[in-house]
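Okay, so here's the structure we're looking at.
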Amino acid sequence: MKRFFKPYVGSNYNEGIRGKKILVLGASFYCGVHDCPYFTKCTSVEQKDSSSYNAICPPYAESGTKLSDEPTTCITDGTKTYQRFVDYMGKFVGSDDYDEIWEHMAFTNYVQFFLPLDKGETFRKTHSSDLSERDFWASIETMKELQPDIVIAWGSVINSPLKEHNPYLVDPKELQETEYYVCHLNVPGIQHPVALINPYHPSSRAWYRELEEFDYYFNNLLNR
């Protein structure tokens, strides 16, 4: 198994949005707890593997959770990035309730280990050097499990392995025709083409600047 993080799956995921099952794919999770005895190895950008500390990470163990539960934990925490995203998605669900909107989607991050934050930092950009082949196959594993109709991939770092260098890409010309927003994948084990749409990351200023374009292409996918 390539995957470490267990995806969050809303209770109405199979109902979806306008009948489409939606998987949201973010970039990375982070850790800045430098006094943790496992910090250096757990967040090593060379080893790229937090799994040895899954059940023994002190902050998570205290709350009765595991590192691999982070996709659900971050949805529950509802930070600004996730709030900003559901503020947009609410119109398709017909609700402005944060929890209800997420119940119609699934979520996980692409990178399969915790990235380190420097002391005093609360945010860290994901770099191409943080990615590995394992992450790509973990995303495919999640798609096979959840059978989404549409994958919304946040940001401009994870888009290269998912869109431009994906062996399951159906038609590269579709990317050019849709301003590099949309492509389709034929993933073995999924009986329908999976639409992949790639907006700017909701944490970026470009999210609002380019939201009209994303909205146009996303509506097209929902109405097919």
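Everything numeric here is computed off the predicted structure, so don't read it as measured data. Residue numbers count from 1 along this sequence.
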### Query
Heavy-atom distance under 4.5 Å between the side chains of Thr178 and Tyr180, does that happen here?
no
### Query
Taking only residues two or more places apart in sequence or in another chain, which ones pass side-chain hydrogen bond (donor to acceptor under 3.5 Å, both in side chains) with His184?
Glu174, Arg224
### Query
So do Val151 and Met143 actually touch side chain to side chain, heavy atoms under 4.5 Å?
yes
### Message
Taking the six-membered ring for Trp, are Phe114 and Tyr53 closer than 6.0 Å centroid to centroid?
### Response
no
### Query
Does anything in residues 144-172 pair up under ring pair (Phe, Tyr, Trp, His ring centres under 6.0 Å), and if so which pairs, sequence neighbours excluded?
Tyr82-Trp154, Phe85-Trp154, Phe107-Trp154, Trp154-His201
### Query
How close do Lys20 and Leu222 get, heavy atom to heavy atom, and via which atoms?
CE-O, 3.6 Å
## Note on the structure
So OG of Ser139 and CG of Leu196: to nearest 0.5 Å the spacing works out to 9.0 Å
### Query
For atom CD of Gln191, is the number of surrounding heavy atoms from other residues, nucleotides or ligands below 6.0 Å larger than 12?
no
## Note on the structure
What one should report as the nearest heavy-atom pair of Cys183 and Leu169 is CB-CD1, 3.5 Å
### Query
Any donor-acceptor pair under 3.5 Å linking the side chain of Asn12 with the backbone of Glu15?
no
### Message
Could you check whether any side-chain heavy atom of Val194 comes within less than 4.5 Å of a side-chain heavy atom of Lys144, counting everything from C-beta outward?
### Response
no
### Task
Return yes if some donor-acceptor pair links the side-chain N/O of Tyr88 with the main-chain N/O of Pro202 below 3.5 Å, else return no.
no
### Query
Between the main-chain N or O of Asn219 and the side-chain N or O of Asn223, is there a donor-acceptor pair closer than 3.5 Å?
yes
### Message
Please determine whether residues Leu175 and Phe214 belong to a single hydrophobic cluster, defined as Ile, Leu, Val, Met, Phe, Trp and Tyr linked transitively by side-chain heavy-atom distances below 4.5 Å.
### Response
no
### Task
Check the hydrophobic clustering (I, L, V, M, F, W, Y; side-chain heavy atoms under 4.5 Å; chains of links allowed) and say if Leu131 and Ile140 are grouped together.
yes
### Query
What distance do Asp87 atom CG and Trp207 atom CH2 have between them, rounded to the nearest 0.5 Å?
9.5 Å
### Task
Using the side chain to side chain contact (heavy atoms under 4.5 Å, CB included) rule, take Phe4 and Thr108 through it: C-alpha gap first, then chi angles, then the decisive distance, then the call.
CA-CA 10 Å; Phe4 174 60; Thr108 192; over 6 Å; no
### Query
Does any N or O in the side chain of Glu141 come within less than 3.5 Å of the main-chain N or O of Lys2, such that one atom is a donor and the other an acceptor?
yes
### Message
Donor-acceptor pair, distance only, cut-off 3.5 Å: does the side chain of Tyr110 make one with the backbone of Phe136?
### Response
yes
### Query
Would you say the ring centroid of Tyr181 lies under 6.0 angstrom from that of Tyr216?
no
### Task
Can you run down the salt bridge (charged side-chain N to carboxylate O under 4.0 Å, His left out) pairs that involve residues 75-85, sequence neighbours left out, and say none if there aren't any?
none
#### Entry: Cluster link Val45 to Tyr38, ILVMFWY, side chain under 4.5 Å
no
### Task
Please report the closest heavy-atom contact between Phe113 and Leu115, naming both atoms and the distance.
CZ-CD2, 3.2 Å
### Query
Are side-chain heavy atoms of Lys21 and Asn14 found at a separation under 4.5 Å?
yes
### Task
Please collect all side-chain hydrogen bond (donor to acceptor under 3.5 Å, both in side chains) contacts where either partner lies in residues 60-70, sequence neighbours excluded, each pair once.
Lys6-Asp69, Asn54-Ser68, Tyr60-Glu70, Ser63-Thr65
### Task
Find out whether Ser132 and Asp135 are in side-chain contact, i.e. whether some heavy atom of one side chain is under 4.5 Å from a heavy atom of the other.
yes
### Smallest separation among heavy atoms of Leu67 and Cys42, with atom names
CD1-SG, 3.9 Å
List, one per line, each side-chain donor-acceptor pair under 3.5 Å for residues 23-37, sequence neighbours excluded.
unit_1	atom_1	unit_2	atom_2	d
Ser28	OG	Thr126	OG1	2.8
Tyr30	OH	Arg124	O	2.7
His34	NE2	Leu117	O	2.7
His34	NE2	Lys119	N	3.4

#### Entry: Nearest non-hydrogen partners of Pro71 and Phe5, listed with the distance
CG-CB, 3.9 Å
### Reported CG-to-CD1 distance for the pair Leu221 and Ile197, which is rounded to 0.5 angstrom
5.0 Å
### Message
Surrounding NZ of Lys91 (heavy atoms of other residues, nucleotides or ligands, distance under 6.0 Å), is the total greater than 12?
### Response
yes
### Query
What residue pairs, at least two apart or across chains, pass salt bridge (charged side-chain N to carboxylate O under 4.0 Å, His left out) with a residue in residues 154-171?
none
### Query
Are any side-chain N or O atoms of Gln112 and backbone N or O atoms of Asn109, one a donor and one an acceptor, separated by less than 3.5 Å?
yes
### Message
Any heavy-atom pair between the side chains of Asp215 and Glu212 that's under 4.5 Å?
### Response
no
### Query
Leu146, Met89: one ILVMFWY side-chain cluster at the under-4.5 Å cut-off?
no
### Query
Is there a side chain to side chain contact (heavy atoms under 4.5 Å, CB included) between Thr76 and Tyr8 once you walk through the steps?
CA-CA 10 Å; Thr76 302; Tyr8 162 84; over 6 Å; no
### Message
Is it true that, when you exclude Tyr217 itself, more than 12 heavy atoms of the residues, nucleotides or ligands shown sit nearer than 6.0 Å to its OH?
### Response
yes
### Task
Say whether Ser51 and Asp49, considering side chains only, have a donor N or O and an acceptor N or O under 3.5 Å apart.
yes
#### Entry: Heavy-atom closest contact (Ile101 atom, Ser95 atom, distance)
CD1-O, 3.4 Å
### Query
Any donor-acceptor pair under 3.5 Å linking the side chain of His127 with the backbone of Val157?
no
### Query
Where the side chain of Asn198 meets the backbone of Gly155, is there a donor-acceptor pair that is under 3.5 Å apart?
yes
### Task
Working to the nearest 0.5 Å, report the span between CD1 of Ile17 and CZ of Phe218.
5.5 Å
### Task
Would you indicate whether the side-chain heavy atoms of Lys48 and Arg134 approach each other to under 4.5 Å?
no
#### Entry: Shared hydrophobic cluster, Trp102 / Ile150 (ILVMFWY, side-chain heavy atoms < 4.5 Å)
yes
### Task
State, with a plain yes or no, whether a side-chain heavy atom of Ile152 is found less than 4.5 Å away from one of Pro199.
yes
